[in-house]
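Fair warning: this is a prediction, and the values are worked out from it, not measured in the lab.
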Amino acid sequence: MRLPLFIAWRYLKSKKSHNVINIISGVSVAGVTIGTMALVIVLSVFNGFESLVISLFNTFDPEIKVMPARGKTFSPDAYPWDKIAGMQGIRAQTGTIEEKVLLRYGENQYLATLKGVDHNYITWTGLSSMITEGALMLEFKGQPLAIPGQGVAYYLGLNLDNFQREIEVYAPRRKGAIGVNPEQAFNRMDIRPAGIFSIQQDFDSKYMIVPISFAREVLQYEGELSSVEIALSPGTDMISVQKEIRALLGSNFEVKNRFEQQEVLYRIMRSEKWAIFMILGFILFIATFNVIGSLSMLILDKRKDIAVLYSIGADSKLIRKIFLTEGMMVSFSGAIAGMILGALVCLIQQRFGLVKINTEGGSFLIDAYPVVMQGMDFLYIFLIVSAIGFMAAWLPVRNAGKVSSLTASLHSK
């Protein structure tokens with residue numbers, strides 16, 4: 001393999017007899033370089049947005065969530081609090097209640113999900129970093145307080161400066177007779193808002209967080225829970241803890257990790273990333289057609305060399321190896337250069353944030369495109385460039401043996 005590599009390297013760096021071959025060879029390397037660089041940059045930006053979305057969802061979603069396998073609620077007595085608390089890596093457990101309710105604030109009404117949480121919730125949730133107005137308080141001097149999402153607050157026209165006005169919460173009665181008056185079919189309780197959180201539109205327009213005691217009273221729950229949210233200590237293996245909890249609880253409960261709680265979202269993001277990868281890979285495939293042209297012209301340009309090699313004992317297989325190696329070197333040099341340039345662009349964007357996100361009023365969470373480079377992306381990019389480069393090199397090289405035979409026969413005459 002040393003002889004084909006040596007000759008291919010000489011052909012790559014040497015000047016050809018026709019200047020157009022040099023130009024096409026340079027265009028071939030540049031095309032592979034630009035295509036590879038585009039793959040690195042676009043995938044890294046996509047990773048950045050994916051990491052941003054995941055971090056936002058992780059602010060609200062716990063590492064592990066336990067829910068009943070059948071029905072909406074379960075008795076807290078059926079849940080082994082002490083056994084799970086004794087597991088390694090368990091930091092906190094929070095019982096929750098979630099139910100649809102009607103909210104009213106002045107003349108505005110909105111249908112939202114009331115989420116009741118116990119006193120442990122504030123100790124581990126990342127929601128405190130997402131409070132845009134007010135404070136993360138669920139109780140003050142024995143009085144319950146509410147934390148609605150920004151979307152809920154918008155639709156209600158909520159004003160935290162108006163301390164006199166409370167949010168009216170209406171929930172269907174679960175017990176007791178219903179009279180002629182439709183309002184008798186609902187329980188009503190008032191609660192004062194303490195703050196507003198903003199995470200992501202799906203959460204902001206859906207939830208209002210309240211103490212679990214308030215939620216139980218307005219929903220007429222005696223002690224049932226909708227779920228138990230479990231927070232883990234930093235560095236704990238989430239999957240192994242999930243399996244351990246699942247084995248303990250059996251088939252009566254569903255135990256979901258962070259990714260399974262938002263399974264559709266993660267599947268969509270992963271599918272989008274692979275779709276982008278395939279589209280850019282196809283563009284790169286088109287760009288490598290220059291390799292076919294440059295190799296075809298190089299084979300014609302080196303007919304005399306081929307004849308000499310053939311006359312001293314080289315066979316068609318060796319000739320094909322030389323030009324196939326030449327084509328792969330073009331692809332490899334372009335791939336390596338593209339990955340280096342793409343990584344440099346990503347590092348500059350990470351450090352300085354040169355490319356800004358054009359948002360009116362600066363309401364977005366970040367002002368520059370996020371970039372996260374992943375080692376597996378570089379591996380996949382190198383593999384696809386190598387595969388495309390091999391196919392592009394093989395198409396003209398497969399006939400190199402015929403050219404060598406014909407050239408040798410003409411040279412002998």
Side-chain angles (χ1 to χ4, degrees), residues 49 52-63 65 67 72 94-140 143-163 165-171 188-216 218-219 226-227 229 231 258 261-262 264-266 359-366:
F49 277 111
L52 176 64
V53 172
I54 290 174
S55 66
L56 292 177
F57 274 78
N58 290 350
T59 301
F60 194 85
D61 291 330
E63 283 96 342
K65 189 172 185 178
M67 298 171 293
K72 295 172 60 177
T94 296
T96 69
I97 294 175
E98 292 187 19
E99 191 62 77
K100 289 281 189 180
V101 295
L102 177 66
L103 305 180
R104 183 175 178 181
Y105 187 78
E107 299 300 324
N108 300 319
Q109 299 180 9
Y110 187 71
L111 191 65
T113 297
L114 193 70
K115 181 174 181 176
V117 298
D118 62 27
H119 62 280
N120 287 328
Y121 186 73
I122 295 181
T123 63
W124 61 265
T125 181
L127 200 63
S128 57
S129 61
M130 297 296 171
I131 299 295
T132 57
E133 294 183 48
L136 181 59
M137 297 174 57
L138 294 176
E139 188 176 297
F140 181 73
Q143 297 298 317
L145 300 174
I147 310 293
Q150 193 167 31
V152 175
Y154 171 78
Y155 288 113
L156 290 177
L158 192 64
N159 182 10
L160 293 183
D161 296 332
N162 188 351
F163 296 103
R165 178 168 291 179
E166 298 179 330
I167 300 175
E168 301 172 10
V169 182
Y170 293 87
R188 173 196 163 180
M189 291 183 66
D190 299 340
I191 189 169
R192 195 179 306 279
I196 298 173
F197 71 85
S198 178
I199 300 175
Q200 200 269 349
Q201 186 178 2
D202 293 343
F203 296 136
D204 299 348
S205 301
K206 180 179 180 180
Y207 286 102
M208 185 172 79
I209 301 173
V210 299
I212 195 168
S213 57
F214 177 89
R216 280 175 173 159
V218 72
L219 296 172
S226 299
S227 65
E229 298 184 355
R258 216 164 232 172
Q261 294 170 48
Q262 302 292 341
V264 175
L265 171 71
Y266 290 111
T359 56
E360 298 181 0
S363 58
F364 201 58
L365 293 170
I366 54 177

Handout entry: A215 backbone acceptor or donor facing E99 side chain under 3.5 Å
Key = no
Problem - Chi angles and distances behind the side-chain contact (heavy atoms from CB on, under 4.5 Å) call for V53, L265 - result: CA-CA 10 Å; V53 172; L265 171 71; 4.0 Å; yes
Fill in the blank from the handout: Between K115 and Y207, the two heavy atoms sitting closest are CB-CD2, 4.0 Å
Exercise for the section: Work out which heavy atom in I97 is nearest to a heavy atom in R216; give both atom names and the distance. Expected result: CD1-CG, 3.2 Å
Exercise for the section: Could you please spell out the steps behind the side-chain contact (heavy atoms from CB on, under 4.5 Å) verdict for L219 and V101? Expected result: CA-CA 9 Å; L219 296 172; V101 295; 3.9 Å; yes
Practice task
Answer yes or no: are there more than 12 heavy-atom neighbours, outside Y266 itself, under 6.0 Å from its atom OH?
Solution key: yes
Problem - Closest non-hydrogen atom pair between L158 and P193, with its separation - result: CD1-CG, 3.8 Å
Exercise for the section: For the pair Y155 and Y110, name the ring-plane relationship: parallel under 30°, tilted 30 to 60°, perpendicular over 60°. Expected result: parallel
Problem - S198 versus D204, side-chain donor and acceptor atoms under 3.5 Å - result: yes
Exercise for the section: Specify the closest pair of heavy atoms between P144 and F214, including all atoms of both residues, with the distance to one decimal. Expected result: CG-CD1, 4.0 Å
Handout entry: S226 versus T96, side-chain donor and acceptor atoms under 3.5 Å
Key = no
Handout entry: Nearest-0.5 Å distance, CD1 of residue I131 to CD of residue Q150
Key = 10.5 Å
Practice task
Please report the C-alpha distance between H119 and E139 in whole Å, then the side-chain angles of each, then the deciding distance to 0.1 Å, and finally whether the side-chain contact (heavy atoms from CB on, under 4.5 Å) criterion is met.
Solution key: CA-CA 9 Å; H119 62 280; E139 188 176 297; over 6 Å; no
Practice task
Quick one: sort the Y121 and W124 rings into parallel, tilted or perpendicular, breaks at 30° and 60°.
Solution key: perpendicular
Handout entry: Value rounded to 0.5 Å, distance of CD1 in I199 from OG in S129
Key = 8.0 Å
Practice task
Kindly indicate whether the side chain of F57, heavy atoms from C-beta on, has any atom under 4.5 Å from the side chain of D202.
Solution key: yes
Exercise for the section: Please name the residue in the list T125, I212, T94, V210 that meets the side-chain contact (heavy atoms from CB on, under 4.5 Å) test with V117. Expected result: T94
Handout entry: Exam field: side chain S227 to backbone M67, donor-acceptor pair closer than 3.5 Å
Key = no
Fill in the blank from the handout: Correct closest heavy-atom pair for A135 and I147 would be O-CD1, 3.3 Å
Completion exercise
When rounded to the nearest 0.5 Å, the distance separating CG of L138 from CD1 of I209 is 7.5 Å
Fill in the blank from the handout: Nearest heavy-atom contact between T59 and G126 is CG2-O, 3.1 Å
Practice task
Go through M208 and I167 one step at a time and tell me if the side-chain contact (heavy atoms from CB on, under 4.5 Å) criterion holds.
Solution key: CA-CA 11 Å; M208 185 172 79; I167 300 175; 3.9 Å; yes
Handout entry: Heavy atoms of other groups near Q201 CD, more than 12 under 6.0 Å
Key = no
Practice task
Assess whether atom NZ of K100 is packed by more than 12 heavy atoms of other residues, nucleotides or ligands within 6.0 Å.
Solution key: yes
Fill in the blank from the handout: CG of L102 to CD of E168, rounded to nearest 0.5 Å, is 9.5 Å
Problem - D118 side, atom CG; T123 side, atom OG1 - distance, nearest 0.5 Å - result: 8.5 Å
Completion exercise
Interatomic distance, OH@Y170 vs CE@M189, rounded to 0.5 Å, equals 12.5 Å
Handout entry: Expected output: side-chain R258 to main-chain D61 donor-acceptor under 3.5 Å
Key = yes
